Each structure stands twice: as structure tokens, then as C-alpha cells.
Amino acid sequence: MDVPETVTAALADRQVEGQVCLEAGAGVGNATAGLLAAGAERVYAVTDDADHAATVRERVGDGNADRLVVLEADLRATPLATDSVDFVTAHGLCNVLPPADLTPIAAELTRVAKPDGHLVVDDYAVPPADAAVNRLFALENTAARMVDGRPALTFYPPAMLAAVFVDYGWTVERKKTLLDPVPWTEAHLDAHAEVVRGYAARLPDSLGEPLTAMADDLVAAIGSERTGTMYSLAFRLADG
Amino acid sequence: METRALGDTGQESTVLTFGSIALNWLEQEGANQLVELVLDHGVNHFDVAPTYGDAELKLGPKLRQYRDDIFLGCKTQEREYEGAARKIDRSLDRLGIDTIDLYQIHGLEYEDELDTITADGGALDAIREAKDDGKIDHIGLTSHGNPELILDAIDRIDDLETVMFPLNPVVAGKDGDEYDYEAVLERCEAEGIGTLGIKAFAKGSWPSTDELAEADRPYANWYEPVDTPEVIRERFDFAAAQSLDTVVSPGDPKLVAMVLDAASRSTGMGEARQRALIEEARHNDSPVPEQLHH
């Protein structure tokens, strides 16, 4: 698969070759593909979503059987040993975490990282107030809150995510802008609308149907939009 | 307009090269005006070929008028000595000049063509002979083909001074070896070979001829071009940011003024924006699966 430019750029100034890596929140395996392409000795692709696990195996499994381990696990409690990973990535992860999970996951990633380990956290800055995509993201959050009481998306300023990891002993080594602007394509907006549809399906029709209709209308109205930025933070864990 | 060294040729080319195929679609008077417009914008590198209809003939008058201001590239699709020697003389004759500054092997596509070109009695013999005779100054190559084939040509043609190949955000986002023009750029930089970018303004393939007859296409380009000022500026800035020495203008004359404006006003493009364009193209192009993230 083609490694996204965002991943390539985030890893470009990092030591990946020969490293034992962990992609936290593997999604469709974007960072996993980048880590393997950059010569990682082994990549643990961890996700709590069975569909994502299958997608990662399908997209990047071929030819990497000896280097790729796809783990279905909760990121707050992975089966990985303490001090076992050289390099951790959280590429586009934090914005989809329930906010209450952020610090337990930071704690767990710190536990599995070696004492001199490295970490890359890539995420979206808070979109500008006048961005049209905000309307779709807000609808997504409404749907998520109605179903399980927590938002689907939370955008953190880079300083905030940095502070979360600094609290666990990480030091920020660099900050970089990955995308400026962020191209929210029709495919991305469809994927977000699909999240709304997923929540809507779990609600009574009287609630779910208007949500779905609103999502469809928003996707049609927005089409695509370039807005906001995506950033990358690189950390190292202080010795001792 | 910004100029850049064309490899080690000694030529300082403007960052925009005029693709003179655009002249083929104009009457002589319009062709003269277009060349004047291009020169008014400071462009000093022109590219033409005998296969571009009447472009050589229509370029002739203004080329001769401004010969000292124009670095001219021409090409041949001939692969053997006789054909190439004939084409060089024919182009000189049709252009009405004594020397072509850069003569390029045109559209290299297959390994066996490279064998023919470099063999005894191949096109390169004719091109080198023409160089000794003062009919051409520098030797180049153009290809839409496999980057590995271009690298191979660089290995096998010691006196190769420039290469021309496609580069745009769609191509840049693809990882396969068949799209690895980055490797070509790197090699050229290391060896002092000049680089010319084509297809910078390509949007995609035309719809099939069943859907849109060739005669009904709104542009003469053999691909569907981008055609609004903002997107043209963006595409130019992107291509110019890829460490190409110069970017060739699109083949339809209707687009040339917009491209000249873009090149004149260009102030570069940052890496985060370049990545945004690549990611946008990749997702617009992407089969499955749909993704929330970049």
C-alpha cells in the first residue's frame, strides 16, 4: 500500500530501522505500513476493533509475516511486556479516544516503552471556527453522545497532548506541521458520515433517521474542504 | 521569473519552460503573439518536437528573431542512426536555425529501445555526430516510462545532460517503483543532470471515447488538464518545489497565459502544503477503504 505522506514525514527524522515498534490504534495500518517500509524489526499493530485488525492484516500483512503482529487489545491494558518497545506511534489516534481514556493510554504506552524509548503523536489541531467540517464533526459527536454518552471526536491543541505525555516522563524533541491545510476529501467526509450512520443504527428509527439524513445533507453540502492543520510531536522517554 | 541551473549544462533556465506544442493549434499570427507573451514573462527555455504537427514551423519566425534569448530543446523518436540524423537536419531546416541547444531522445518507453539507441548504428551515434558538427549542444532524454528505465539510461549514456519526466501530486503520492521519480530526481541531482517536469498540470485521463469523443474534448492535451487559475498556481508551485530545474507548460494554448502568470508570481510552497496536495490526490484517487484520517 502507499504510505501516507503524513506518516512518511512524521517518521523521516526518527530512528525506525531495526526498532521494535508499536502502532497504538492501528486503524487501517497507515503508520504500520510506514514503520515496516522504514525497516522496523517488528511492528505490533494494536487495535480494539476486529474490522481494523482484519484490514491491517489484509493491507500490510503480505510479505511481512515475520515482522508484523496485529493485536486486538484495549490500549489501556495491552498484552505487551513492560519496557519492551523502542518506538511507539499514535497516528491520528487521540482525536478518536474517549477523553477519559487519554491518560490511562498514555500510562500504558509509557509502561511498554523502553526507558530510552521514542514516541510520535500525530493529530489534528482544533479546526478553525468557520470550518464547514465542524458541522459534520459536531453531528458525529451528537450521535456518539446519544448512543454511549461520550464524543466520537476530540481535537487537542498540540500543547495539550504534549503536556499529557510530559506528565508521564516524556520529553518533546520536536514539533512539525504535517498538513497545512488538511484536505478533508469527499472520501473522508463519507467515512465520517458512516460513523454517524453507525451510531444512528443503534438508536430508535425516530432518532436515527433524522441523524442519518442530516449527515447525508452535510456531506452533500460540504463536498470537500481544506482547513486546519495536522501536527506531529516527537518525544523521547527520559532515562531512569 | 526565477531561473535555475539546468544541471551542469551551464544553461540557467527559467523555472517555466514553454512547451511549444501549443503553437501547433494556432495560426501563424497567433503563434507569434503567444511566443511574444511567453518572452514578455521572461521565459528563456522552449521545448519542441518534430511530432508536434506544425509547431516547429510556427515557432521558426520568432525563434529566429529572438534566437539569443531562447534556449531550445528539440527531440527525436527515431531510435536508429539514419532516422535520427535525418530528423536533426529536418528540425534545423524547419526551425530555420543552425544549432539546437538541447537534443533529446523522445519518449523512451522500453528497455529494447534503449538497447537500439545505444548500440552501434543507434540514434545516439547520430546525435553525438551532430554534436561534433556543432548542430546540437547538449544531449537529453524524455520519458513517461518506468523510472528504473530512466535510471538505466543515465547509467548507460555517459554524456546525458538532461532528463524530462512526469511529476505532479498524483504521481508523488504513489509508492510503487513504477512511480519512483524521486529516485530519478536524486540521481540527477547527484550527477549534475538537468531535470524538466512534465504533466505538472494533468488532472487525469480523459473519459473514454465512448463517453466523450476525441473531437469533443475541450483541450488539446492528451490528458485532461487542470484549468482554473488557483489550481494551476498550486500545481506549478508544487512541481517547482520538487527540486526540478524547470517545469514544462501544458500543450494547450488556452492554458499558457494562466501558467505564465502562475510561474511569474510563484513564491514557493511549504512542505506541509505539498503533503496536503499529495494526500488530497491520494484520497480522491483511493479505491478502499474509506478512512477518517490522513
Side-chain angles (χ1 to χ4, degrees), chain A residues 1-10 12 25 27-31 33-34 37 51-52 54-56 58-59 91-96 122-124 136-137 140 152-153 176-195 224-232, chain B residues 146-147 166-183 185-186 189 200 203-204 226 228-239 241-243 267-294:
Chain A
M1 61 171 277
D2 295 334
V3 178
E5 290 296 303
T6 48
V7 170
T8 307
V28 296
N30 282 333
D51 288 345
H52 284 167
T55 302
V56 175
E58 188 186 317
R59 290 183 86 202
H91 180 78
L93 169 69
C94 295
N95 71 89
V96 290
D122 303 333
D123 229 293
Y124 301 97
L136 181 61
F137 297 157
E140 208 170 329
L153 295 168
K176 181 178 203 172
T177 303
L178 296 180
L179 295 175
D180 182 9
V182 177
W184 296 103
T185 64
E186 229 168 283
H188 288 102
L189 297 190
D190 272 342
H192 281 275
E194 189 56 29
V195 174
S224 65
E225 187 180 29
R226 296 170 170 182
T227 188
T229 60
M230 185 179 194
Y231 59 84
S232 174
Chain B
N146 198 319
L167 202 57
N168 59 44
V170 181
V171 171
K174 300 194 181 199
D175 284 349
D177 287 345
E178 69 271 37
Y179 302 105
D180 194 7
Y181 294 104
E182 296 266 322
L185 271 176
E186 276 170 33
E189 201 149 348
K203 183 181 186 180
V226 295
T228 61
E230 312 86 73
V231 183
I232 281 182
R233 281 190 75 180
E234 198 169 85
R235 287 301 196 90
F236 177 82
D237 289 348
F238 180 89
Q242 308 307 304
S243 79
T267 53
M269 180 180 273
E271 290 189 357
R273 191 164 166 82
Q274 292 172 45
R275 285 193 285 269
L277 291 189
I278 294 173
E279 280 302 292
E280 188 173 72
R282 206 168 63 81
H283 283 274
N284 283 336
D285 216 28
S286 161
V288 276
E290 291 189 341
Q291 295 175 43
L292 295 177
H293 295 139
H294 295 84

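Within every chain, numbering begins at 1; the chains are lettered A, B, ... in the order of the sequence lines, protein sequences first and strands thereafter. In this text, all values refer to a predicted model and were calculated from it rather than measured experimentally.
Ranked by non-hydrogen atom pairs under 4.5 Å with chain B, the options A:L178, A:D190, A:T8, A:D122 are led by A:L178. Comparing A:L189, A:V96, A:T185 by heavy-atom pairs within less than 4.5 Å of chain B, the highest count is held by A:T185. Options A:A37, A:G92, A:P4, A:S224 differ in how many heavy-atom pairs under 4.5 Å they form with chain B, and the most are formed by A:P4. Between chain A and the options B:G270, B:A272, B:G173, the largest number of non-hydrogen pairs under 4.5 Å is found for B:A272.
Close placement of the B:H283 and A:H188 rings is indicated, their centers lying within 6.0 Å of each other.
Looking at B:R273 and A:D180, their side chains never come closer than 4.5 Å, going by heavy atoms from C-beta outward. Contact annotation: the side chain of A:T229 never approaches that of A:Y124 to less than 4.5 Å [non-hydrogen atoms, C-beta and beyond].
Looking only at atom types and distance, the side chain of B:Q274 has no donor-acceptor partner in the side chain of A:E5 under 3.5 Å away. A donor and an acceptor atom, one from each side chain of A:T55 and A:H52, are nowhere located under 3.5 Å apart. A donor atom on one side chain and an acceptor atom on the other are not found under 3.5 Å apart for B:H294 and B:E279.
With a 4.5 Å cut-off on non-hydrogen atoms, A:N30 touches chain B through its side chain but not through its backbone. Interface residue A:V195: only side-chain heavy atoms are found under 4.5 Å from chain B. Proximity to chain B is limited to the side chain of A:N95, based on heavy atoms less than 4.5 angstrom apart.
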